[in-house]
Amino acid sequence: MSFKSYRATPIDDGFELDQPRPLVFSGPSGLIARYIHANTRVASSPWKLCPGELHALAMPDLLVRDRMILFEDSHEEGVDCQWLQEVRGVSSDTTEMMFCFTPLRIVGRQGDKVTVTEMRPRRTYAEDLSLDGGVTKLKGTWHWKKPHLALGGVVLGADGVAAKPLISAG
């Protein structure tokens, strides 16, 4: 399970991805902790980070307009791949976030080069995640923790109607 930034080259039905770089969202020096530390005045109100802002935090010296952030989840059947669209959150002693993804289908892989297409119909996957750290707990561990509301995740179809819950509400 990991987040990576890839250089993305558009092709007929999707993208050819290469030059992967790992991204770390958790931990005291992770992307979210860095954002909260730099924005303590506004982070206690709802905020939103787009991939460009996340790339600027992670790779300030790299031209990133041609890069995309993917979440890759390896399992027995292969790898699931989600394209990160945005992170919305609010921070207090913990940082509660909603990660929004577009699921992708891997159609080819050769070394560090991956070819992906969007699922049809296009879907949006949202997952509620939390970190143990925030504007009132800056010295927290910033480790992943069970979300406060335990909402889990859901996939929305093209019409915005839930296709099927991925994780039951807890």
Side-chain angles (χ1 to χ4, degrees), residues 1-8 17 19-76 78-104 106 112 114 116 123-156 162 164-170:
M1 179 167 91
S2 66
F3 285 94
K4 291 182 186 167
S5 169
Y6 282 93
R7 181 177 70 169
L17 309 174
Q19 298 180 3
R21 293 198 178 183
L23 297 177
V24 178
F25 281 75
S26 63
S29 60
L31 295 177
I32 301 300
R34 282 195 269 169
Y35 172 76
I36 300 298
H37 279 268
N39 297 281
T40 54
R41 286 183 153 169
V42 297
S44 60
S45 296
W47 47 265
K48 175 179 136 180
L49 294 172
C50 70
E53 292 164 312
L54 291 164
H55 275 114
L57 284 167
M59 305 171 216
D61 298 333
L62 184 68
L63 180 63
V64 295
R65 71 172 178 251
D66 64 341
R67 297 188 72 86
M68 58 196 303
I69 298 172
L70 298 185
F71 174 73
E72 297 175 336
D73 186 16
S74 299
H75 49 80
E76 292 175 4
V79 177
D80 288 333
C81 189
Q82 268 60 255
W83 177 10
L84 182 64
Q85 301 298 313
E86 67 182 22
V87 178
R88 292 182 180 264
V90 66
S91 186
S92 58
D93 62 328
T94 62
T95 301
E96 304 285 334
M97 297 161 291
M98 183 67 69
F99 282 65
C100 294
F101 301 97
T102 298
L104 300 175
I106 297 174
D112 281 344
V114 181
V116 296
R123 299 180 185 273
T124 298
Y125 171 68
E127 179 138 358
D128 185 28
L129 298 168
S130 295
L131 289 171
D132 182 28
V135 294
T136 61
K137 191 177 171 185
L138 293 173
K139 294 194 186 281
T141 64
W142 296 92
H143 289 140
W144 296 113
K145 59 181 269 173
K146 185 176 179 179
H148 176 70
L149 296 175
L151 292 175
V154 68
V155 174
L156 298 177
K164 69 174 187 173
L166 297 178
I167 302 171
S168 301

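Being a predicted model, the structure only gives us computed values, none of them experimental. Scope of the values below: all heavy atoms of this structure, side chains included, with no hydrogens, waters or symmetry mates.
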Spacing of [X] atom [atom1] and [Y] atom [atom2] [to the nearest 0.5 Å]:
X      : Y      : atom1 : atom2 : result
Tyr6   : Gln19  : OH    : CD    : 11.5 Å
Ile32  : Trp144 : CD1   : CH2   : 6.5 Å
Leu104 : Asp80  : CG    : CG    : 10.5 Å
Tyr125 : Cys100 : OH    : SG    : 11.0 Å
Glu53  : Leu31  : CD    : CG    : 12.0 Å
Ile36  : Thr95  : CD1   : OG1   : 4.5 Å

For [X] versus [Y], what's the shortest heavy-atom pair and its separation?
X      : Y     : value
His55  : Ile69 : CE1-CG1, 3.4 Å
Leu131 : Ser26 : CD2-CB, 3.7 Å
Ala33  : Pro28 : CB-O, 3.5 Å
Ala126 : Met98 : CB-SD, 3.7 Å

Keeping [X] on the side-chain end and [Y] on the backbone end, is there a donor-acceptor pair under 3.5 Å?
X      : Y      : result
Arg34  : Leu57  : yes
Ser130 : Glu96  : no
Thr136 : Asp93  : yes
Ser91  : Val135 : yes

I'd like to check [X] versus [Y] (side-chain heavy atoms, cut-off strictly below 4.5 Å). Are they in contact?
X      : Y      : value
Gln85  : Thr124 : no
Met68  : Leu17  : yes
Trp142 : His37  : yes
Gln82  : Pro103 : yes

Phe25/Phe99 under ring pair (Phe, Tyr, Trp, His ring centres under 6.0 Å): CA gap, chis, key distance, verdict:
CA-CA 11 Å; Phe25 281 75; Phe99 282 65; 5.7 Å; yes
Looking at Arg67, Lys4, Arg7, which hits side-chain contact (heavy atoms from CB on, under 4.5 Å) with Arg21?
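For Arg21, the side-chain contact (heavy atoms from CB on, under 4.5 Å) test succeeds with only one of Arg67, Lys4, Arg7, which is Arg67.
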Can you tell me which residue among Leu49, Leu70, Leu23, Leu54 is in a side-chain contact (heavy atoms from CB on, under 4.5 Å) with Leu84?
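Only one of Leu49, Leu70, Leu23, Leu54 forms a side-chain contact (heavy atoms from CB on, under 4.5 Å) with Leu84, namely Leu54.
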Are there more than 12 heavy atoms of other residues, nucleotides or ligands under 6.0 Å from atom CG of Asn39?
yes
